[in-house]
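Okay, structure first, notes after.
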There are 2 protein chains.
Amino acid sequence: MDGRPATDQTSPWMPFENRRRARDEKREAVLRTAVQLFLEQGYHRATLNEVAERLNITKPALYNYFRSKEDILFECWALGQEQVDGFIAAIDGSRQAGLGKLRALVHSYAETMATDFGASLVRFDPRDLSPANAKIVRAAKRGIDQTFRRYITEGIADGSIKPCDPKMAAFAIAGSLNWIGHWYQRGGALTPDAIADDFAERLTEGLATARSNKPRPKKPATKTKKSTTKAPTPRRTK
Amino acid sequence: MDGRPATDQTSPWMPFENRRRARDEKREAVLRTAVQLFLEQGYHRATLNEVAERLNITKPALYNYFRSKEDILFECWALGQEQVDGFIAAIDGSRQAGLGKLRALVHSYAETMATDFGASLVRFDPRDLSPANAKIVRAAKRGIDQTFRRYITEGIADGSIKPCDPKMAAFAIAGSLNWIGHWYQRGGALTPDAIADDFAERLTEGLATARSNKPRPKKPATKTKKSTTKAPTPRRTK
DNA sequence: GGCTTATATTACTCATGGGTAAGAAAAAGT
DNA sequence: ACTTTTTCTTACCCATGAGTAATATAAGCC
């Protein structure tokens, strides 16, 4: 994981890069621990003392990496949102009918809901955020909702989806998906993969037109699952 | 506000009854105010001071009616749960196929989600409750989930519902419904009635067998809505 | 009226936990 | 080795809000 050229005193930049990388790794470690604890106990019951304890440091050390508890909460949310932005961009860029895009969206979203940062998108309360951050979150949520509606509208236009109310359909689908974030837990009987496959089919079959109703791939469990929505998500810069 | 028959010394019971009734009314007023505030701001941000303020009393006065903040939270939840218990009992007692029961359940549940106490079922966090109360809540949630699965299983058995995985189907449906509690708000474009009708159809159409696919009643908006699940729910004793 | 009980208020206690100050320890730079 | 910067700790501060004690007020009751 560390194939640097040499022990070199040659480049005074290397240690610098090293340092920044170490810092970012620690930052991420804090977020991973925090998101877990927040999900486990709820944001208000979770204390920074315990976050720190789990990292074998003390509370004030956290303030080297984050400005406040709320800041940590927001960053957790942001990581989840990045995932979503990533696969939405990928699907947007794909060339397929509305129904196909919708299916892809449902699939990816379901998988995301089964991750910690993904679940934080729906388990965290925007009201715990500063007005500025809450605004960002609200905008992002609106964006997701509009993506659902857009694919549905597209599908109706291209004939792959039956005419229906995109607003209601989007609410119903997103509700099912968001709820995954509340009931899914690792090690349960259902794997994220199975859930995503099932939901992608279940939540869209009612919308498909007769002609677009493909004869059910009936995937023979050959683990065709290859790309777990590898999205070109650019790392945040700030 | 005080239409008592007379100044009567005739019945010493009446004042007593009056008093008890007045007390219960105040209790309920507290719960109505509390549930609103809890939904508005979230349980942790909402203070008993503000609950009291909205009732034009002071915080300690609340302790005449409730033992603790958590007690209030639990009672709010319990009122919502009573509604659910009520209509589940009614549907259980009805004589119809599994699909019909499921539709009825979805419809009633959707309506309930659009009420304050109903929303509290999914917006409140059981982890805020004492272990004893949390246990009650968990049991109730399990009960609801099992009811969904039971109707689906019944439907499969009686041929009104296509063979499917009841667990997944229940999760998907309940998720859509629960999410209503998060996005619905009074005065919006969608009325509880419209939502309930739409969801009852939307969430069950995918499960219906061909033969059970009734030709869509197309209710002429005659406000057939009469009994809002008047349930024989006995008032809690303790 | 006077006695009792219910209900409300004012004025507190007190645990909790986010956040800060001052300085030690470790690492980087020279 | 010495200095400087980053990172972390110990020891605090302090706002908040649930819950309590003591007491006043009002209502029911005889």
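Side chains included, hydrogens not; waters and symmetry mates left out as well; all remaining heavy atoms used. Chain letters run A, B, ... following the sequence lines, proteins first, then strands; residues in each count from 1.
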Going by the rule side-chain hydrogen bond (donor to acceptor under 3.5 Å, both in side chains), which residues pair with B:Ser120 if we only count those two or more places apart in sequence or in a different chain?
none
Work out which heavy atom in B:Met113 is nearest to a heavy atom in B:Leu177; give both atom names and the distance.
CG-O, 3.3 Å
Closer than 4.0 angstrom, basic N to acidic O: yes or no for B:Asp125 and B:Arg127?
yes
Base, sugar-phosphate alone, or nothing: which one does B:Phe66 contact when heavy atoms must sit under 4.0 Å apart?
nothing
If I take atom CG in residue A:Leu55 and atom P in nucleotide D:dT7, what distance separates them, rounded to the nearest angstrom?
15 Å
I need a per-nucleotide contact map over nucleotides 10-20 of chain C, read 5' to 3'. Cutoff is protein heavy atoms under 4.0 Å; write B for the base, S for backbone only, - otherwise.
BB-----SBBB
Once you round it to whole Å, what is the distance between C1' of D:dT7 and OH of A:Tyr65?
6 Å
Could you give the CD-to-C1' distance, from B:Gln41 to D:dG17, as a whole number of Å?
13 Å
Taking all non-hydrogen atoms of both residues, which atom of A:Ala194 and which atom of B:Met168 are closest, and how far apart?
O-CE, 4.0 Å
Any Lys/Arg nitrogen of B:Asp92 or B:Arg150 sitting under 4.0 Å from an Asp/Glu carboxylate oxygen of the other?
yes
Could you list all the ring pair (Phe, Tyr, Trp, His ring centres under 6.0 Å) pairs where at least one residue sits in residues 44-72 of chain B, not counting sequence neighbours?
A:His44-B:His44
Tell me, do B:Phe171 and A:Trp179 make a side-chain contact under 4.5 Å, heavy atoms counted?
no
With sequence neighbours excluded, tell me which residues meet side-chain hydrogen bond (donor to acceptor under 3.5 Å, both in side chains) with A:Gln146.
none
Quick one: list whatever passes salt bridge (Lys or Arg N to Asp or Glu O under 4.0 Å) with A:Glu70, sequence neighbours left out.
none
Separation of C:dA8 P from B:Leu62 CG (nearest whole Å)
9 Å
Applying salt bridge (Lys or Arg N to Asp or Glu O under 4.0 Å) as the test, list every pair that has at least one member in residues 131-148 of chain B; sequence neighbours left out.
B:Asp145-B:Arg149
Can you sort out the partners of B:Asp116 under side-chain hydrogen bond (donor to acceptor under 3.5 Å, both in side chains), two or more places apart, ordered by chain and number?
none
Quickly work out the B:Leu37 CG to D:dA18 P distance and round it to whole Å.
10 Å
Once side-chain hydrogen bond (donor to acceptor under 3.5 Å, both in side chains) is applied, do any residues pair with A:Glu25, and if so which ones, sequence neighbours excluded?
A:Arg21
Quick one: bend of the helix from C:dG1-D:dC30 to C:dT30-D:dA1 from 5 pairs per end, to 10°?
10°
Whole-Å distance, B:Asn64 CG to D:dA26 C1', equals 13 Å
Could you tell me which residues satisfy ring pair (Phe, Tyr, Trp, His ring centres under 6.0 Å) with A:Tyr109, sequence neighbours excluded, listed by chain and number?
A:Phe148
Got a donor-acceptor contact below 3.5 angstrom from the B:Arg45 side chain to the B:Gln41 backbone?
yes
Once you round it to whole Å, what is the distance between P of D:dT6 and NZ of A:Lys26?
13 Å
I'd like a list of close polar pairs between nucleotides 22-25 of chain D and the protein, N/O only, cut-off under 3.5 Å.
none

Please work out which residues in residues 125-133 of chain B have a non-hydrogen atom less than 4.0 Å from an atom of DNA chain C and list them by number.
none
For a quick test of reading the model: is some side-chain N or O of A:Arg23 closer than 4.0 Å to OP1 or OP2 of D:dT6?
no
Rounded to whole Å, CG of A:Asp24 lies from P of D:dT7 at a distance of 11 Å
